[in-house]
2 protein chains.
Amino acid sequence: MQRYFTITQLTQEFDITTRTLRFYEAQGLVSPNRRGRQRLYTPGDRTRIKLILRGKRLGFSLNEIKEMIEMYGSAPGEAGQLGLLLERISFRRDELLEKQRDIELTLLELDEVEEGAKARMAELGAKVRMEND
Amino acid sequence: MQRYFTITQLTQEFDITTRTLRFYEAQGLVSPNRRGRQRLYTPGDRTRIKLILRGKRLGFSLNEIKEMIEMYGSAPGEAGQLGLLLERISFRRDELLEKQRDIELTLLELDEVEEGAKARMAELGAKVRMEND
DNA sequence: TCGCCTTTTTACGTTAAAGTCAATACATCT
DNA sequence: AGATGTATTGACTTTAACGTAAAAAGGCGA
């Protein structure tokens with residue numbers, strides 16, 4: 001007994017529109033079953049959607065995301081294919097590691113700006129206290 | 001004595017086109033000086049460009065990047081402004097932390113796929129060795 | 001000064017990722 | 001059966017972020 005999700009359930013859960021889900025389907029990123037004309041999404045489809053959204057948050061294009069998702073389900077394949085797969089994995093990993101470094105730097109800078117702002121807040125507070133004396 | 005960069009120097013250093021730099025200028029993300037009609041970028045402009053590219057790698061839009069860059073140079077300002085600034089900082093920080101988690105997960109998944117692929121490679125290798133006996 | 005090269009400006013084109021709108025089609029409630 | 005509400009499909013539109021092409025303006029070496 002497969003549990004199915006309707007399109008609207010998923011749009012509500014992930015805060016996206018039906019247009020978006022149909023678009024992803026047209027791009028070959030998900031392929032839900034049908035009952036008549038209605039789309040029925042399996043739990044597997046749902047996790048694919050999660051992967052897509054995660055990829056988007058990281059700034060990957062839908063095409064890149066598609067490639068990555070296809071890596072996950074890639075069939076056994078022969079040596080050449082496997083080599084290509086390994087190459088792609090290492091490429092993506094490098095990208096992700098770079099993003100990690102970028103995030104670290106940005107977080108540090110945010111810390112600095114925040115400190116500055118807090119310091120100025122404190123100054124303002126001191127001024128106000130002086131004026132109220 | 002200010003050291004200046006020409007537009008082509010920067011396009012080569014960052015592997016972007018002049019069109020891109022002029023576009024960023026039109027969007028108010030950088031504003032290089034001019035000598036006649038020519039653009040002259042200061043080291044400060046250059047670091048702004050670095051920030052922009054870093055933001056792009058993380059999937060931020062140019063508008064978001066602009067907002068973030070403006071945070072950096074934000075003038076002292078009064079309490080309300082500072083409060084808003086602090087809010088924005090914490091919002092961006094949350095986003096970045098989410099991206100960090102997304103990256104961790106993706107890296108773990110890549111590890112899994114890689115292990116699978118390597119295992120299959122090993123199997124293939126074993127097969128080949130058997131056939132050559 | 002001439003010719004060549006680079007830069008700038010202006011304008012139009014393109015691509016990804018949806019948004020919007022209209023026409024049907026199903027399903028359900030009454 | 002009729003009304004109502006939700007899904008689907010197809011077509012057209014929009015927005016961000018540039019690409020591309022053409023024309024004019026300097027700059028510079030011979």
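Per chain, numbering begins at 1; letters A, B, ... match sequence-line order.
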Exercise. To the nearest Å, how far apart are B:R37 CZ and D:dG27 C1'?
Worked result: 12 Å

For this session: Search all heavy atoms of A:T42 against all heavy atoms of A:Y4 and return the closest pair with its distance.
Result: CG2-CE2, 3.6 Å

For this session: Determine the contact category for B:S61: base if any of its heavy atoms lies under 4.0 Å from a base atom, sugar-phosphate if only primed atoms, P, OP1 or OP2 are that close, otherwise nothing.
Result: sugar-phosphate

Exercise. Closer than 4.0 Å, any side-chain N/O of B:R39 to the OP1 or OP2 of C:dT6?
Worked result: no

Exercise. Over how many whole Å does the gap from A:Q38 atom CD to C:dT24 atom P extend?
Worked result: 21 Å

For this session: Return no unless some side-chain N or O of A:T8 is found under 4.0 Å from OP1 or OP2 of D:dA7.
Result: yes

Problem set entry | Nucleotide nearest B:F23 when distance is taken to its side chain, options D:dT8, D:dC18, C:dA17 | D:dC18

Exercise. OP1 or OP2 of C:dA18 sitting under 4.0 Å from any side-chain N/O of A:K56?
Worked result: yes

For this session: Would you kindly give the CD1-to-C1' distance between A:I65 and C:dA16, to the nearest whole Å?
Result: 12 Å

Exercise. Would you say A:Y24 reaches C:dA18's phosphate, i.e. side-chain N/O to OP1/OP2 under 4.0 Å?
Worked result: yes

For this session: Using heavy atoms to find the nearest nucleotide of DNA chain C for A:G36 and A:T17 separately, return the residue whose nucleotide is more 5′.
Result: A:T17

Exercise. Checking all strands, does B:R35 fall into the base, sugar-phosphate, or nothing category for heavy-atom contacts under 4.0 angstrom?
Worked result: nothing

Exercise. Starting at CZ of B:R22 and ending at P of D:dC18, how long is that distance when rounded to a whole Å?
Worked result: 14 Å

Exercise. Please give, in whole Å, the distance from D:dA7 P to A:I7 CD1?
Worked result: 8 Å

Exercise. What integer distance in Å separates B:E25:CD from D:dA17:P?
Worked result: 17 Å

Problem set entry | Lys NZ or Arg CZ of B:R46 over B:F5 ring: under 6.0 Å, within 45° | yes

Seminar exercise, completed: Between the CZ atom in A:R39 and the OG1 atom in A:T6, the distance rounded to the nearest 0.5 Å is 11.5 Å

Exercise. How close or far is atom P of D:dA7 from atom CG of A:L10, stated in whole angstroms?
Worked result: 12 Å

For this session: Over all heavy atoms of both residues, which pair between B:L85 and A:A117 is shortest? Give the atoms and the distance, please.
Result: CD2-CB, 3.9 Å

Problem set entry | Integer-rounded Å distance: D:dC18 C1' and B:D15 CG | 14 Å

Problem set entry | Heavy atoms of other groups near B:R34 CZ, more than 12 under 6.0 Å | yes

Exercise. Can you check whether A:R19 has a side-chain N or O nearer than 4.0 Å to OP1 or OP2 of D:dG10?
Worked result: no

Problem set entry | A:T20 side-chain N/O to C:dG19 phosphate OP1/OP2 under 4.0 Å | yes

